[in-house]
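This is a predicted model, so every value here is computed, not measured. Whatever order the structure lists them in is the order used to number ligands and atoms, beginning at 1. The figures that follow rest on heavy atoms only: side chains count, while hydrogens, waters and symmetry mates do not. Counting from 1, the numbers follow the sequence of the chain as shown.
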Amino acid sequence: MKTALVCGAGGFIGGHLVKRLKDEGYWVRGVDIKTHEYVKSTAHEFVKGDLRDPRLVEKVIDQPFDEIYQLAADMGGAGFVFSGENDADIMHNSAMINLNVMEVSVKADVKKIFYSSSACMYPERNQMDPDNPNCAEDSAYPAEPDSEYGWEKLFSERFYLAANRNYGIDIRIARFHNIFGPEGSWTDGREKAPAAMCRKVAETPDGGEIEMWGDGSQTRSFLYIDECLEGVRRLMDSDFIGPVNIGSDEMVSINQLAEMAMDIACKKQTINHIPGPLGVRGRNSDNTLIKEKLGWAPSWTLRKGMELTYNWIAAQVKNKRS
Ligand code: NAD
């Protein structure tokens with residue numbers, strides 16, 4: 001039986017990953033500073049603890065795991081990452097986790113580590129035109145991320161690559177592009193655009209008004225959680241180290257995203273555009289490299305994932321009211 005440790009197992013992607021690995025027959029230990037808000041962990045063992053603490057990391061990486069999935073990070077949606085108020089915490093907390101996990105993994109003779117980087121590490125200058133963003137993997141340098149969250153991801157990517165060269169530990173790195181789906185943040189201030197739009201549409205009656213940060217013409221692509229995990233597992237089983245984009249290349253404006261949520265809900269609402277933190281003007285996954293290296297790329301439509309997500313969030317809204 002293969003063994004895996006999922007760091008960040010109490011989070012959105014980590015929670016889903018634990019289920020997927022168990023379904024594949026792995027023995028899974030999960031670790032997180034908190035338990036999952038929406039589901040009980042299905043991990044064989046779940047350790048609640050702080051990965052910034054080296055003693056805790058030694059406790060959870062106490063054996064030569066076949067695979068470690070390092071997803072733990074201090075993160076959130078635009079409201080958390082772009083306000084500027086959390087910059088030092090984001091850099092400090094996530095870097096500490098990555099430094100600790102690598103150091104102990106090398107000592108424990110761990111076979112392979114997956115690291116979740118982010119599209120937020122791409123240079124701001126290539127994402128000013130909402131219709132033509134460039135997020136090809138080799139466009140990363142000269143570096144110019146638009147957030148400290150992106151700078152930390154870039155540092156940690158380089159750190160994992162250096163550890164691979166110097167300590168011989170096998171690694172895989174993916175740059176996730178806006179992953180969404182059920183069982184993720186939807187109302188705690190860390191939610192991303194798909195969840196935020198679904199919540200606002202679900203909470204507002206037909207004919208009402210929803211608020212949106214900015215003019216809504218900024219563009220993004222969004223990848224449904226199941227496809228993200230498919231990409232992660234394929235990358236782990238391949239011999240390609242990365243970094244590689246794991247994202248959708250179906251780019252939409254935030255206005256279109258809101259209209260899609262309204263259409264799914266069978267509601268007609270107006271949008272009130274208000275000032276708020278926005279991030280870059282345009283971002284889309286470039287899937288040329290993943291197709292070349294893995295012979296695969298995500299293929300679900302945004303609509304399919306949004307329908308599943310809307311239904312889950314609408315049920316949460318209903319539960320909260322009752
Ligand atoms: P999430 O916030 O739901 O999960 C991250 C988890 O890490 C949380 O449960 C959090 O409690 C945990 N964590 C934070 N600090 C910790 C600490 N000191 N000790 C132990 N656990 C700690 O986020 P997610 O959406 O599941 O993202 C997982 C990873 O993927 C993150 O590294 C994130 O940067 C990356 N990523 C996500 C997206 C996305 O769209 N969701 C996009 C790009 C990159």
>> Against ligand 1, does Asn93 come closer than 4.0 Å with any heavy atom?
In response: no
> Quick one: do Arg52 and Asp50 make a salt bridge, cutoff under 4.0 Å?
Replying inline: yes
>> Can you tell me which portion of Arg175 lies within the under-4.0 Å heavy-atom range of ligand 1? Options are side chain, backbone, both, or neither.
In response: neither
>> Taking only non-hydrogen atoms of Phe180, do any sit less than 4.0 angstrom from ligand 1?
In response: no
> Does any N or O atom in Ala119 lie less than 3.5 angstrom from one in ligand 1, N or O only?
Replying inline: no
> Which option out of His36, Met96, Met75 puts a heavy atom nearest to atom 2 (O) of ligand 1?
Replying inline: Met75
> Would you say Gln218's side chain and Ile254's backbone share a donor-acceptor pair under 3.5 angstrom?
Replying inline: no
> When Arg281 is tested against each of Asp146, Asp129, Asp215 for salt bridge (charged side-chain N to carboxylate O under 4.0 Å, His left out), which residue passes?
Replying inline: Asp215
> Taking the minimum heavy-atom distance to atom 44 (C) of ligand 1, which of Gly247, Gly14, Ser117, Gly181 ranks first?
Replying inline: Ser117
> If you count the atoms of ligand 1 from 1 in the order shown, which ones are under 4.0 Å from a heavy atom of Lys192?
Replying inline: 38 (C), 39 (C), 40 (O), 41 (N)
>> My understanding is that we take every heavy atom of each candidate and find the minimum distance to atom 34 (O) of ligand 1. Doing that for Tyr149, Phe176, Tyr115, which one comes out nearest?
In response: Tyr149
> Strictly under 4.0 Å, does any heavy atom of Gly49 approach an atom of ligand 1?
Replying inline: yes
> If we only count N/O pairs under 3.5 Å, is Val31 in contact with ligand 1?
Replying inline: no
> So, the side chain of Glu250 versus the backbone of Ser248: is there a donor-acceptor pair under 3.5 Å, distance only?
Replying inline: no
> Between the main-chain N or O of Lys304 and the side-chain N or O of Thr301, is there a donor-acceptor pair closer than 3.5 Å?
Replying inline: yes
> Any idea how His36 and Tyr38 line up, ring-wise: parallel (<30°), tilted (30 to 60°), or perpendicular (>60°)?
Replying inline: perpendicular
> Any Lys/Arg nitrogen of Lys107 or Asp62 sitting under 4.0 Å from an Asp/Glu carboxylate oxygen of the other?
Replying inline: no
> For Ala9, is the nearest heavy atom under 4.0 Å from an atom of ligand 1?
Replying inline: no
> Any N or O on Ile13 sitting closer than 3.5 Å to an N or O of ligand 1?
Replying inline: yes
> Going by atom types only, do Tyr26 and Glu67 share a side-chain donor-acceptor pair under 3.5 Å?
Replying inline: yes
>> If the cut-off is 4.0 Å to any non-hydrogen atom of Gly10, which atoms of ligand 1 fall inside it?
In response: 9 (O)
>> Check whether Asn93 reaches the backbone of Asp74 with its side chain - one donor and one acceptor, N or O, closer than 3.5 Å.
In response: no
> Which option, Ile97, Ile90, Leu17, owns the non-hydrogen atom nearest atom 17 (C) of ligand 1?
Replying inline: Ile97
> Do Gly11 and ligand 1 have an N or O pair less than 3.5 Å apart?
Replying inline: yes
>> Can you name the atoms of ligand 1, numbered from 1 with element, that are less than 4.0 Å from a heavy atom of Ser116?
In response: 29 (C), 30 (O), 31 (C), 32 (O), 35 (C)
> Is the closest heavy-atom distance from Arg190 to ligand 1 below 4.0 Å?
Replying inline: no
> So does Arg303 have more than 12 non-hydrogen atoms from other groups sitting under 6.0 Å from CZ?
Replying inline: yes
> At a 4.0 Å threshold, what atoms of ligand 1 neighbour a non-hydrogen atom of Asp50?
Replying inline: 17 (C), 18 (N), 19 (N)
>> Check Glu157 with Arg175, please: is the shortest side-chain N to carboxylate O separation under 4.0 Å?
In response: yes
> Can we say Asp237 and Arg233 salt-bridge, meaning some charged N sits less than 4.0 Å from an Asp/Glu carboxylate O?
Replying inline: yes
>> Is there a polar contact, in the sense of an N or O pair closer than 3.5 Å, between Lys153 and ligand 1?
In response: yes
